[in-house]
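Worksheet: the structure to be examined is printed underneath.
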Amino acid sequence: MSKKIAAGSSHLVLDLPVGPTAKIRSEAAAKALSNRPSAVATAFGLRSRIVITDGTQPVGRGIGPALEAHEVLRVLQRSADAPIDLRERACALAGALLELGGRAQTGEGQQLATRTPDDGRAWAKLQRICEAHGGNARSADGAAASRDLRNRELKAKA
């Protein structure tokens with residue numbers, strides 16, 4: 001949350017997955033825990049919503065940051081092999097944020113959030129963000145962007 005506060009965020013949605021192998025084992029524990037981050041968010045002027053989700057299964061198929069990032073790219077690019085559960089979780093959380101920010105009525109946020117990857121706006125936005133950070137956003141698999149970043153880091157160290 002500290003990064004969100006430092007970046008000047010005004011709204012925050014936190015996902016609390018609950019399940020027998022998740023960090024939070026019961027819905028009661030999740031509800032009890034949710035008071036803490038909500039209080040911190042409020043103390044820093046953030047509007048927040050805690051979303052308790054199903055943590056009984058991993059979301060997506062990849063394990064580790066690189067594979068998970070590739071899955072996110074597949075979702076944003078509307079690839080046929082994109083994990084459906086990752087897309088659904090992302091749209092549910094984005095929908096909660098749209099509702100919290102007043103961009104969607106309660107109960108309508110997920111439907112609105114689903115349109116963004118469906119019509120290509122989510123992928124286009126990620127490309128603009130990558131370009132703003134000096135990356136190669138046109139790379140379909142992210143490999144070129146990674147190489148560009150590594151090359152810049154190496155030049156900076158030299």
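Note: hydrogens, waters and symmetry copies are ignored here, and every other heavy atom, side chains too, is used.
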Close side-chain approach of P20 to T56, heavy-atom, < 4.5 Å: yes
When you measure from the side chain of R25 to the backbone of A22, do you find a donor-acceptor pair of N or O atoms at a distance under 3.5 Å? yes
How many angstroms lie between CZ in R47 and OG1 in T42, if you round to the nearest 0.5 Å? 10.0 Å
Got a sec, which hydrophobics cluster with V40, joining ILVMFWY side chains under 4.5 Å apart, including via others? M1, I5, L12, L14, L16, V18, I24, L33, F44, L46, I50, I52
Does E71 reach the main-chain N or O of G62 with its side chain, forming a donor-acceptor pair under 3.5 Å? yes
Checking side-chain polar atoms at under 3.5 Å, does T53 have a donor or acceptor matched by the opposite partner on R89? yes
E131 atom CD: more than 12 heavy-atom contacts under 6.0 Å: yes
Which residue, R115, Q110, E108, forms the side chain to side chain contact (heavy atoms under 4.5 Å, CB included) with L112? R115
What one should report as the nearest heavy-atom pair of A96 and V51 is CB-CG2, 4.0 Å
Whether R49 side chain and L97 backbone form a donor-acceptor pair below 3.5 Å: no
Donor-acceptor pair, distance only, cut-off 3.5 Å: does the side chain of S79 make one with the backbone of R74? no
Close side-chain approach of V75 to P83, heavy-atom, < 4.5 Å: yes
Closest non-hydrogen atom pair between A104 and G109, with its separation: CB-CA, 3.6 Å
Side-chain heavy atoms nearer than 4.5 Å, only ILVMFWY residues, links allowed to pass through others: does that put L126 and L86 together? yes
Taking Q105 for its side chain and E99 for its backbone only, find out whether a donor-acceptor pair lies under 3.5 Å. no
Quick check for you: to the nearest 0.5 Å, what is the distance between R87 atom CZ and T114 atom OG1? 5.5 Å
Can you name the closest pair of heavy atoms from G60 and D85 and give their distance? N-OD2, 3.0 Å
Side chains of S48 and P37: closer than 4.5 Å at any heavy-atom pair? no
Pairs touching residues 26-36 that satisfy salt bridge (charged side-chain N to carboxylate O under 4.0 Å, His left out), sequence neighbours left out: E27-K31
Under the salt bridge (charged side-chain N to carboxylate O under 4.0 Å, His left out) test, residues paired with R121 that sit two or more places apart: D119
Is atom CZ of R61 surrounded by more than 12 heavy atoms (other residues, nucleotides or ligands) closer than 6.0 Å? yes
